[in-house]
Structure formats: structure tokens, C-alpha cells
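Beneath this line is the structure, given in C-alpha cells, with notes to follow.
Both ligands and their constituent atoms are indexed starting at 1 by order of listing. Owing to the predicted nature of the structure, the values given are computational and were not obtained by experimental measurement.
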Amino acid sequence: MTDFTGAPDMTNRHVAIVVSRFNESVTMRLLEGAIDALERHGGARAKIDVVWVPGAWELPAGARALLATERYDAVIALGAVIRGETPHFEFVAGEASRGLADAGADFDVPIGFGLLTTDTLEQADARAGGAHGNKGWDAALAAIEMVDLFERLRARES
Ligand code: INI
């Protein structure tokens, strides 16, 4: 039996973060968390590109545009869809999630999923550096762990 686990290591990695402006008070903190995670794991700011899109709906298109450049080892997607009063919620949250999963599968590049889907702003705040941690940090860490895991699996194949 052989065990494979990726090590989150940003050394010599180039990563893009696509982040939504909608609910910016929340997404800004997700972004800070993601950058902090990357820097704490050896990432240099010069190797991190940040791309803003209007809302969570646009995250998959932003991610696909970044992946098409073939410049990135991983993409981290950050956003906050808050149910509130809007009937938009189900469509935006569902399509953004599905679109990001499809983009990762189509390009075979890890996508960190840092899209909050909550009922209230308070719940989103709690997950953007509050009582429930920072989902941006988690998404960044997961993405770079997967980059390393893919590399180990490919090395094993050859
Ligand atoms: N976008 C979000 O990122 N979060 C939301 O909560 C949200 N709501 O509630 O509507 C939202 N809508 C905007 C959407 O993502 C698009 O930017 C917009 O429809 C333009 O295409």
C-alpha cells in the first residue's frame, strides 16, 4: 500500500485568486485569509495574482479565463452569497459552485473553493475571520495541497 498526501507548499508556485466584489466587506477578509495562508506556506506576493469580478456568478468565468492562460498552478475562488431576501440565492450559489467544479475538472488544475453560502451576513462574517475561521485561508491551503498531490501522483505515473 502507498499513501499519497500533498504538502501545502507555495515555493515556486504561481497562484491566482479570483474574488467577487459583491459583499466586499466579507470577500475582502476572505482574500486576506487566502493571501495569509499562501504567504505562511512560502508564497511570494509576486507569484500571487488577484482578479476581481462583479459577483459570485462571474467566478467561474473568471477562473476559466485565468486557467486558459496556463500560467497558474492553482486558482482560488472567493465569494459570498448571502440568502437574505433575494430569490437569486439558489441560482447564484448553485451555478457558481457547479461552474467552479466544472472549470477545475475541464482544466485539470486545482481550484480552491472559498465561496460562502449563508443565510445571513453574520454567518458569513463568522466564516471570514470570525468565530468559524476563515474560509479563504482554508480554500487557499486546500488548493496548494492539491497542487502538490497532483505532482506526486504524476511523478508516480512516469
Ligand atoms: N452575487 C454575490 O456574489 N453574492 C450574492 O449574495 C448575490 N446576490 O444575492 O444576488 C450576488 N448577485 C450578483 C451576481 O453574482 C452577479 O454578479 C449579477 O447577477 C450580474 O451578473
Side-chain angles (χ1 to χ4, degrees), residues 6 8 10 13-41 43-150:
M10 261 297 281
R13 307 278 195 220
H14 202 169
V15 162
I17 302 174
V18 57
V19 54
S20 153
R21 272 198 314 273
F22 206 102
N23 292 317
E24 193 171 348
S25 66
V26 176
T27 63
M28 197 66 212
R29 277 178 285 126
L30 294 175
L31 177 61
E32 286 164 8
I35 292 172
D36 187 43
L38 297 176
E39 288 188 326
R40 283 174 191 264
H41 290 84
R45 285 218 174 205
K47 295 268 179 86
I48 304 169
D49 292 339
V50 177
V51 173
W52 290 88
V53 294
W57 179 266
E58 285 77 24
L59 286 173
R64 295 187 87 91
L66 288 162
L67 291 167
T69 67
E70 297 187 356
R71 294 184 63 221
Y72 301 103
D73 296 301
V75 170
I76 297 145
L78 306 175
V81 191
I82 300 174
R83 188 183 299 270
E85 300 293 308
T86 174
H88 249 72
F89 177 89
E90 308 290 347
F91 300 109
V92 174
E95 290 302 309
S97 307
R98 190 190 54 80
L100 289 169
D102 286 351
D106 289 350
F107 287 86
D108 216 9
V109 169
I111 296 196
F113 183 72
L115 176 64
L116 297 176
T117 55
T118 62
D119 288 329
T120 65
L121 178 60
E122 290 68 32
Q123 289 168 349
D125 281 338
R127 290 158 180 78
H132 293 289
N134 188 314
K135 179 84 176 159
W137 210 95
D138 297 346
L141 202 66
I144 56 171
E145 177 179 329
M146 291 301 287
V147 171
D148 190 63
L149 178 64
F150 279 19

Numbering the atoms of ligand 1 from 1, which are under 4.0 Å from a heavy atom of [X]?
| X | value |
| --- | --- |
| V92 | 15 (O) |
| N23 | 4 (N), 5 (C), 6 (O) |
| W57 | 14 (C), 15 (O), 16 (C), 21 (O) |
| V81 | 4 (N), 5 (C), 6 (O) |

* To do: Tell me, please, which residues at least two apart from R64 pass salt bridge (Lys or Arg N to Asp or Glu O under 4.0 Å).
  =>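 Scan of R64 (salt bridge (Lys or Arg N to Asp or Glu O under 4.0 Å), adjacent residues dropped) gives D106.
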* Asked: Does the pair R21/E24 count as a salt bridge with the N-to-O cut at 4.0 Å?
  ->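 Salt bridge: no.
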* Asked: Taking atom CG of L121 and atom CG of N23, what is their separation to the nearest 0.5 Å?
  ->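 Nearest 0.5 Å value for the CG-CG distance: 7.0 Å.
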Who's the nearest protein heavy-atom neighbour of [atom], and how far?
| atom | value |
| --- | --- |
| atom 3 (O) of ligand 1 | A56 N, 2.8 Å |
| atom 12 (N) of ligand 1 | F22 CE1, 3.6 Å |
| atom 9 (O) of ligand 1 | T86 CG2, 3.2 Å |
| atom 6 (O) of ligand 1 | I82 N, 3.1 Å |
| atom 19 (O) of ligand 1 | H88 NE2, 4.0 Å |
| atom 18 (C) of ligand 1 | E58 OE2, 4.1 Å |

* Between the side chain of N134 and the main-chain N/O of R29, is any donor-acceptor distance below 3.5 Å? ->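 Looks like yes, one N/O pair under 3.5 Å.
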Are any of the side-chain heavy atoms of [X] and [Y] separated by less than 4.5 Å?
| X | Y | value |
| --- | --- | --- |
| F150 | V109 | no |
| Q123 | I82 | no |
| L67 | V75 | yes |

* Asked: Are S20 and ligand 1 in contact, using a heavy-atom cut-off of under 4.0 Å?
  ->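 Checking ligand 1 against S20, which is what was asked, there is a heavy-atom contact under 4.0 Å.
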* Quick check: does A80 get an N/O under 3.5 Å from an N/O on ligand 1? ->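 Among all N and O atoms of A80, at least one is under 3.5 Å from an N or O of ligand 1.
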* **Selection residues 50-73 - residue pairs positive for ring pair (Phe, Tyr, Trp, His ring centres under 6.0 Å), sequence neighbours left out** =>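 Residue pairs passing ring pair (Phe, Tyr, Trp, His ring centres under 6.0 Å), neighbours aside: H14-Y72.
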